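Structure, as structure tokens:
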There are 2 protein chains.
Amino acid sequence: MDGQIIRDTLTKNGLKITPQRTAVLKAIHTMGNHPDTEQIIEFIKGHHPNVAIGTIYKILDTFVAKGIINMVKTDRDKMRYDAVSDLHHHLYCSETSRIEDYYDEELNQIITNYFSEKEIPDFDIEDIKLQIKGKFLKNE
Amino acid sequence: MDGQIIRDTLTKNGLKITPQRTAVLKAIHTMGNHPDTEQIIEFIKGHHPNVAIGTIYKILDTFVAKGIINMVKTDRDKMRYDAVSDLHHHLYCSETSRIEDYYDEELNQIITNYFSEKEIPDFDIEDIKLQIKGKFLKNE
DNA sequence: ATTGCTGCAAACTCTTTGCAAGTTC
DNA sequence: GAACTTGCAAAGAGTTTGCAGCAAT
């Protein structure tokens, strides 16, 4: 994700372009693997040592509110963040706290079809994600 | 859930039967709707005023470790607990933090069939849950 | 110039821990 | 009586808040 795209993303959402915000966005996109708050803070401290932690929390909140990023959480895990992109699901390791994206267009189709026929009473569906729990057979 | 079943559940899991544990189990089953820690604590304080908060946390941890209850979490929400029962999915309100169970045997079949044919590389599936996000059209 | 953002440090909330005293089997 | 469980209070982690000063448009 290059600088121009990051700047466009901020502008499009009515946010001022600041070094702190570009750093946070870049961090999340660079790390990819659902970084938690601590990892984001560490990453940014490496590149911009004098960004305040409180500021990072505020920026993450802002991004979530604008829909620029998503929060992902499981069980005893900390908060993690996810660059918003295409519809994808999550694989959760039941032994470690590893999370991976899982893309499956065929599955999306099946689920979309299913819910276009069958409605849930008194509920208006906006988004469906699968949480697939299990074990990774190989390490990262 | 009556007292005998609660006692059996504890014994079966090698746990000693104490008033605190039966109170926590009863609380979760009575409240049903995915109570969070605070609600559980309040409930128990009402019935057994001198149970320590630390004890409740320890009991919840123990129950989760034994698989007697599950943890459920979303986004900025606190930890919530769920009596382990049949396979069910969750409806999450995108506006409030309401969570409801969603049972759909037909859907379970479709997903089970799908993954019995298609494997996820290097991943051994144990459990699949849908997180269905949207809006409730009526209040509770 | 105006509005919005950041840094800082203090405060908060939720959760965990250690250990002595008390319970359960 | 042995092993386990609880209460308590203190500490810890992660997150939020308020506000003065600074930066972006």
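Worth saying up front: this structure is predicted, and the values here are computed from it rather than measured. Here is the naming used below: chain letters follow the sequence lines, and residue numbers restart at 1 for every chain.
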Handout entry: Donor/acceptor link under 3.5 angstrom from A:K16 side chain onto base of C:dT3
Key = yes
Practice task
Please evaluate the base of C:dG4 for a donor-acceptor partner in the side chain of A:K58 within a cut-off of under 3.5 Å?
Solution key: no
Protein-nucleotide distance ([X], atom [atom1]; [N], atom [atom2]), rounded to Å:
| X | N | atom1 | atom2 | value |
| --- | --- | --- | --- | --- |
| A:D61 | C:dT6 | CG | C1' | 15 Å |
| A:I53 | D:dA13 | CD1 | P | 13 Å |
| B:D36 | C:dT13 | CG | C1' | 13 Å |
| A:E38 | D:dG12 | CD | P | 16 Å |
| B:H48 | D:dT5 | NE2 | C1' | 16 Å |
| B:I56 | C:dT16 | CD1 | C1' | 14 Å |
| B:K66 | D:dC4 | NZ | P | 10 Å |
| B:I41 | D:dG7 | CD1 | P | 13 Å |

OP1 or OP2 of [N] under 4.0 Å from side-chain N/O of [X]:
| X | N | answer |
| --- | --- | --- |
| B:Y57 | C:dT15 | yes |
| A:T37 | D:dT15 | yes |
| B:Q20 | C:dT23 | no |
| B:T18 | D:dT5 | no |

Handout entry: B:G54 or B:L15, whichever maps to the more 5' nucleotide of DNA chain D
Key = B:L15
Handout entry: Mutual orientation of the aromatic rings belonging to B:Y92 and B:H90 [parallel < 30°, tilted 30-60°, perpendicular > 60°]
Key = perpendicular
Handout entry: Residues A:H89, B:I128; criterion side-chain contact (heavy atoms from CB on, under 4.5 Å); working and verdict
Key = CA-CA 11 Å; A:H89 307 287; B:I128 297 179; over 6 Å; no
Fill in the blank from the handout: Checking B:N108, B:D82, B:D104 against B:H88 for side chain to side chain donor-acceptor pair (under 3.5 Å), the one that qualifies is B:D82
Exercise for the section: Can you figure out which of D:dT5, C:dC5, D:dT25 approaches the side chain of A:R21 most closely? Expected result: C:dC5
Problem - Side chain of B:A52 (C-beta onward), nearest among D:dC8, C:dG7, D:dT25 - result: D:dC8
Handout entry: Within 6.0 Å of CD in A:E119, more than 12 heavy atoms from elsewhere
Key = no
Handout entry: Difference in axis direction between the ends of the helix from C:dA1-D:dT25 to C:dC25-D:dG1, five pairs, 10°
Key = 40°
Exercise for the section: Please step through side-chain contact (heavy atoms from CB on, under 4.5 Å) for the pair A:F63 and A:N13, ending with a clear verdict. Expected result: CA-CA 9 Å; A:F63 285 177; A:N13 284 283; over 6 Å; no
Handout entry: Residue pairs involving residues 12-22 of chain A (criterion salt bridge (Lys or Arg N to Asp or Glu O under 4.0 Å); sequence neighbours excluded)
Key = none
Handout entry: Check: B:Q4/B:D8 side-chain N/O donor and acceptor closer than 3.5 Å
Key = yes
